[in-house]
Amino acid sequence: MLDVIMKDILGTPAILVGLFALVGLLLQKKSTADVVSGTLKTIMGFLILGAGAGILIGALGAFGSMFDKAFQIQGVIPNNEAIVALAQQTFGAETAMIMLFGMIVNILLARFTRFKYIFLTGHHTMFMACLIAVILSTGGVKGLPMVILGSLILGALMVLSPAMLQPFMRKITGSNDIAMGHFGSVGYLVAGYIGKAVGNPAKSTEDIKVPKSLGFLRDTSVSVSLTMTILFIIVALAAGPGFVEEKLSAGQNYLVYAVLQAITFAAGVYIVLAGVRILLAEIVPAFKGIADKVVPDAIPALDCPTVFPFASNAVVIGFFASFVAGLVSMFLLPIFGLKVIVPGLVPHFFTGAAAGVFGNATGGRRGAIAGSFVNGLLISFLPALLLPVLGSLGFEGTTFGDADFGIVGIILGKIVALFN
């Protein structure tokens with residue numbers, strides 16, 4: 001039963017957020033129709049967001065395979081899902097317990113401190129719980145002390161991470177209704193400050209002037225499709241028809257395959273944005289019940305695509321700038337004696353895009369480019385520095401991808417090492 005609750009209910013973001021919406025609507029004593037509608041639409045919004053993310057990941061996987069073949073790159077590929085899947089074989093029970101009690105600590109801290117944030121990104125909660133379990137175990141902390149210490153650390157991170165980003169979130173969204181609940185927060189924080197230092201928020205990415213003849217580019221779906229088509233075709237040409245048609249496209253012409261994957265990527269972006277809009281329309285009003293009854297003035301902290309609709313041009317710019325930084329880092333890492341981190345398209349897209357939105361909010365176009373570029377450096381160097389701390393997991397060819405995992409893992413590893 002515990003396994004079902006932890007993995008199938010609390011470990012499923014859509015159900016977790018749906019439960020919060022259900023509780024919120026019930027606390028407001030809404031009608032049965034409103035409760036059913038609000039709960040189902042909240043779950044639907046998250047599922048739509050997840051479906052879009054799945055499409056993006058599939059298209060990025062094809063791109064990554066062509067990229068690796070074209071440029072013969074070998075190294076460590078950051079992927080949260082992969083490293084967690086490996087770690088769960090050894091630390092599954094510890095991860096589940098830290099996740100459950102960490103969520104309880106989050107609610108208690110939100111109730112009794114000035115940090116009123118409820119972290120609702122369930123999969124990232126699980127990823128961080130897993131990282132904490134691995135680091136503590138590697139440092140010799142096991143059993144009940146691991147669960148207690150890990151839960152306190154996780155719960156604190158679940159309120160502090162959104163708290164430090166909220167001034168930027170207010171600038172992005174124009175309100176205080178939602179927060180960022182994603183463990184790439186250090187990258188977004190740095191992007192916000194970098195943007196403020198180098199740019200001008202008045203010169204927003206969303207104000208880029210497009211000639212009337214190119215007015216169709218104002219449509220995000222069209223501009224993303226064209227941009228990604230160019231990128232996919234270049235990489236497909238470099239990989240060659242033999243590889244693409246034999247390994248990826250099942251015989252379909254390699255250039256046709258590249259174009260279709262590029263447009264599939266754009267479709268994924270469109271679906272993600274649609275899911276976010278449905279989710280926000282339902283979760284914010286439903287959350288008022290929890291805010292009023294359980295945690296006064298509580299603010300829901302949601303996944304990073306939540307900010308994408310607020311600056312869609314910055315999303316594309318941020319992804320490219322972050323990815324370029326990842327490519328540059330491949331040449332810099334060996335200079336510092338670190339393993340090569342192959343740019344993971346998934347972390348560079350999601351965190352780079354979000355960093356672009358944060359950089360744009362404080363520094364316009366320059367801020368979006370510079371902020372997301374620095375984010376790309378962070379998610380290249382931090383995973384490389386984290387590898388030695390992960391113990392035996394550091395030799396598996398993958399690692400955690402987003403900035404906070406690197407920061408937390410390295411700091412926690414150093415602290416634990418002091419007591420051994």
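Separating the CG atom in Leu412 from the CG atom in Leu386 is a distance of 10.5 Å, to the nearest 0.5 Å. Gln261 contributes atom CD, which lies 11.0 Å from atom OG1 of Thr229 (distance to the nearest 0.5 angstrom). For the atom pair CG of Leu327 and NE2 of His348, the computed distance is 7.5 Å after rounding to the nearest 0.5 Å. The CD1 atom of Ile172 lies 11.0 Å from the CZ atom of Phe308; values are rounded to the nearest 0.5 Å. Remark: Ile148 CD1 to Ile98 CD1 distance equals 11.0 Å, nearest 0.5 Å. For the atom pair CZ (Phe101) and CG (Leu108), the distance works out to 11.5 Å, reported to the nearest 0.5 Å.
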* Step-by-step side-chain contact (heavy atoms from CB on, under 4.5 Å) determination, Val389 to Thr138 -> CA-CA 8 Å; Val389 188; Thr138 301; over 6 Å; no
* Tyr117/Gln166 under side-chain contact (heavy atoms from CB on, under 4.5 Å): CA gap, chis, key distance, verdict -> CA-CA 10 Å; Tyr117 306 97; Gln166 197 58 12; 3.3 Å; yes
* To do: Report the C-alpha distance between Leu109 and Phe115 in whole Å, list the side-chain angles of each, state the deciding distance to 0.1 Å, and finish with yes or no for side-chain contact (heavy atoms from CB on, under 4.5 Å).
  => CA-CA 7 Å; Leu109 289 174; Phe115 300 113; over 6 Å; no
* Thr351/Asn375 under side chain to side chain donor-acceptor pair (under 3.5 Å): CA gap, chis, key distance, verdict -> CA-CA 8 Å; Thr351 71; Asn375 173 80; 3.1 Å; yes
* To do: Any chance you could lay out the side-chain contact (heavy atoms from CB on, under 4.5 Å) test for Leu226 and Ile230, step after step, and finish with the verdict?
  => CA-CA 6 Å; Leu226 289 175; Ile230 294 170; 5.5 Å; no
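Side chains of Val159 and Ile118 form no contact here, defined as non-hydrogen atoms less than 4.5 Å apart. Phe381 is listed as a side-chain neighbour of Ser329, based on a closest heavy-atom distance under 4.5 Å. Looking only at side-chain heavy atoms (C-beta outward), Ile411 and Lys414 stay at 4.5 Å or farther from each other. The shortest distance between side-chain heavy atoms of Val105 and Leu154 does not fall below 4.5 Å. With contacts defined as side-chain heavy-atom distances shorter than 4.5 Å, the pair Glu94/Ile132 does not qualify. Contact annotation: the side chain of Thr125 never approaches that of Leu120 to less than 4.5 Å [non-hydrogen atoms, C-beta and beyond]. Taking 4.5 Å as the limit, every side-chain heavy atom of Met180 sits out of range of all side-chain heavy atoms of Ser185. Arg365 is not listed as a side-chain neighbour of Ile317, based on a closest heavy-atom distance of 4.5 Å or more.
More than 12 heavy atoms of other residues, nucleotides or ligands shown are found within 6.0 angstrom of CZ on Arg170. More than 12 heavy atoms of other shown residues, nucleotides or ligands fall within 6.0 angstrom of atom NZ in Lys142.
The backbone N or O of Tyr254 sits nowhere less than 3.5 Å from a side-chain atom of Ser249 that would complete a donor-acceptor pair. Proximity of a side-chain donor or acceptor of Arg366 to a complementary backbone N or O of Asn200 within less than 3.5 Å is not detected. Side-chain atoms of Ser322 do not come within 3.5 Å of backbone N or O of Gly318 as any donor-acceptor pair. Panel note: side chain Lys30, backbone Leu27; no donor-acceptor pair is recorded below 3.5 Å. The main-chain N or O of Val134 is never found under 3.5 Å from a side-chain atom of Ser137 such that the two would form a donor-acceptor pair. Between the Thr362 side chain and the Tyr193 main chain, no donor and acceptor come within less than 3.5 Å of each other. Side-chain atoms of Glu282 never come within 3.5 Å of backbone atoms of Thr39 as a donor-acceptor pair (strictly under, hydrogens ignored). A donor-acceptor pair is defined here as one N or O able to donate and one able to accept, closer than 3.5 Å; no such pair exists between the side chain of Thr264 and the backbone of Ala59. Panel note: side chain Ser372, backbone Ile369; a donor-acceptor pair is recorded below 3.5 Å. At least one donor-acceptor pair under 3.5 Å links the side chain of Ser380 to the backbone N or O of Gly376.
For residues 255-279, the set of pairs meeting the ring pair (Phe, Tyr, Trp, His ring centres under 6.0 Å) definition, not counting sequence neighbours, comprises Phe265-Phe349.
For the 3.5 Å distance criterion, the side chains of Ser204 and Asp207 fail to qualify, holding no donor opposite an acceptor. Side-chain contact annotation: His124 with Asp404, donor-acceptor N/O pair under 3.5 Å absent.
Nearest heavy-atom pair, Asn360 versus Ala311, reported as atom, atom and distance to 0.1 Å: ND2-CB, 3.9 Å. Here the shortest heavy-atom pairing between Ile178 and Thr173 reads CD1-CG2, 4.1 Å. Listed here is the closest heavy atom pair of Ala62 and Leu248: O-CD1, 4.0 Å. Here the closest heavy-atom approach between residue Gly356 and residue Ala314 is recorded as O-CB, 3.6 Å. The two residues Ile194 and Ala370 come nearest to each other via the heavy atoms CG2-CB, 3.6 Å. Closest approach of Gly406 to Leu382, counting heavy atoms only: CA-CB, 4.2 Å.
Of the candidates Thr399, Ile407, Leu338, Leu338 is the only one forming a side-chain contact (heavy atoms from CB on, under 4.5 Å) with Leu385.
Ring-plane geometry between Phe67 and Phe323 is classed as perpendicular, the angle between the planes exceeding 60 degrees on a 0 to 90 degree scale with a lower cut at 30. Using cut-offs of 30° and 60° for the angle between ring planes, the Phe119 and Phe183 rings count as parallel.
Checked against a 6.0 Å centroid threshold, the rings of His182 and Phe127 do not count as neighbours.
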